[in-house]
Amino acid sequence: MGTWAGVPVHVLLDLAKPLSGATDVTYHSFQMMGRDDPLYPEGFYYESNPMMEATQPQTLMAYGLNGEELPVKNGAPMRLRVETSTGFRSAKWIERIDVVGRYDIIGRGKGGWFEDFDDYDRLQMI
């Protein structure tokens with residue numbers, strides 16, 4: 001349990017003003033699977049949300065934890081927190097955020113690194 005500080009993704013999207021065809025938000029991590037975690041094959045870690053999930057007030061780009069700057073071990077510089085979904089989708093070490101019209105042409109097309117390699121279900125809202 002922790003108290004997260006950050007900016008809701010919907011606020012970032014309001015500032016960015018995505019084009020009308022935007023359907024999904026993708027989050028790309030500095031983490032290189034295989035290199036950083038030898039249990040997994042190579043590839044940069046990424047996640048995605050359908051716009052409906054990304055714009056939930058609980059979906060947050062976190063920069064702080066428990067009243068302090070976000071530590072590297074917890075995902076600094078930025079960490080995605082998707083409080084309406086399962087924990088693996090709260091990606092650490094975010095490098096960039098893209099707003100896209102199709103997520104199925106990124107990576108292996110299933111919407112995230114674990115979806116691509118371990119056949120996780122992309123839509124696991126709780």
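From a predicted model like this one, the values you see are computed outputs, not experimental measurements.
Pairs of residues two or more places apart, or lying in two chains, never qualify as side-chain hydrogen bond (donor to acceptor under 3.5 Å, both in side chains) while including a residue from residues 67-77.
Across all non-hydrogen atoms, the minimal contact from G75 to K92 is CA-CB, 3.6 Å. Here the closest non-hydrogen pair linking P8 and P57 is CB-O, 4.2 Å. Looking at every heavy atom in both residues, A54 comes nearest to V25 through CB-CG2, 3.7 Å. Pairing each heavy atom of V99 with each of A22, the nearest pair is CG1-CB, 3.4 Å.
Legend: residues meeting side-chain contact (heavy atoms from CB on, under 4.5 Å) with M33, ordered by chain and number and at least two apart, are Q31, Y40, Y45, W113, F114. Residues satisfying the side-chain contact (heavy atoms from CB on, under 4.5 Å) test with Q58, not counting sequence neighbours, are Q56, E83, T84.
Hydrophobic clustering places V11 together with Y27 (ILVMFWY residues linked when any side-chain heavy atoms are closer than 4.5 Å, directly or through intermediates). At a threshold of 4.5 Å between side-chain heavy atoms, the hydrophobic network of Ile, Leu, Val, Met, Phe, Trp and Tyr places I94 and L13 in one connected group. Under the 4.5 Å side-chain contact rule for hydrophobic residues, M78 and V9 share a cluster.
Put simply, CZ on R96 and NE2 on H28 are 4.0 Å apart, with the number rounded to the nearest 0.5 Å. A distance of 8.0 Å separates CG of N49 from CG of D24, quoted to the nearest 0.5 Å. From E95, atom CD reaches atom CZ of F30 across 4.5 Å, with rounding to the nearest 0.5 Å. One finds the CZ atom of R35 at 6.0 Å from the CZ atom of F44 (value rounded to the nearest 0.5 Å).
Counting only distance, with no hydrogens or angles, the side chain of S90 and the backbone of V82 share a donor-acceptor pair below 3.5 Å. Under a 3.5 Å cut-off, the side chain of D116 and the backbone N or O of K110 do form a donor-acceptor pair. Of the possible donor and acceptor atoms, none in the side chain of T55 sits under 3.5 Å from a partner among the backbone N and O of H10. A donor-acceptor contact shorter than 3.5 Å is absent between the side chain of T26 and the backbone of S48.
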Review point. Taking it one step at a time, do T59 and L80 satisfy side chain to side chain contact (heavy atoms under 4.5 Å, CB included)?
Key: CA-CA 7 Å; T59 304; L80 171 66; 4.1 Å; yes
Exercise for review: Carefully, step by step, assess M61 and I97 under the rule side chain to side chain contact (heavy atoms under 4.5 Å, CB included).
Suggested key: CA-CA 10 Å; M61 289 307 307; I97 302 168; 3.9 Å; yes
**Study point:** side chain to side chain contact (heavy atoms under 4.5 Å, CB included) between T23 and M51, worked out
**Key:** CA-CA 5 Å; T23 60; M51 200 60 77; 5.8 Å; no
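Within a 6.0 Å sphere centred on CG of L15, other residues, nucleotides and ligands contribute more than 12 heavy atoms.
R79 pairs in a side chain to side chain contact (heavy atoms under 4.5 Å, CB included) with only one of the listed residues (W4, Y63, W93), which is W4.
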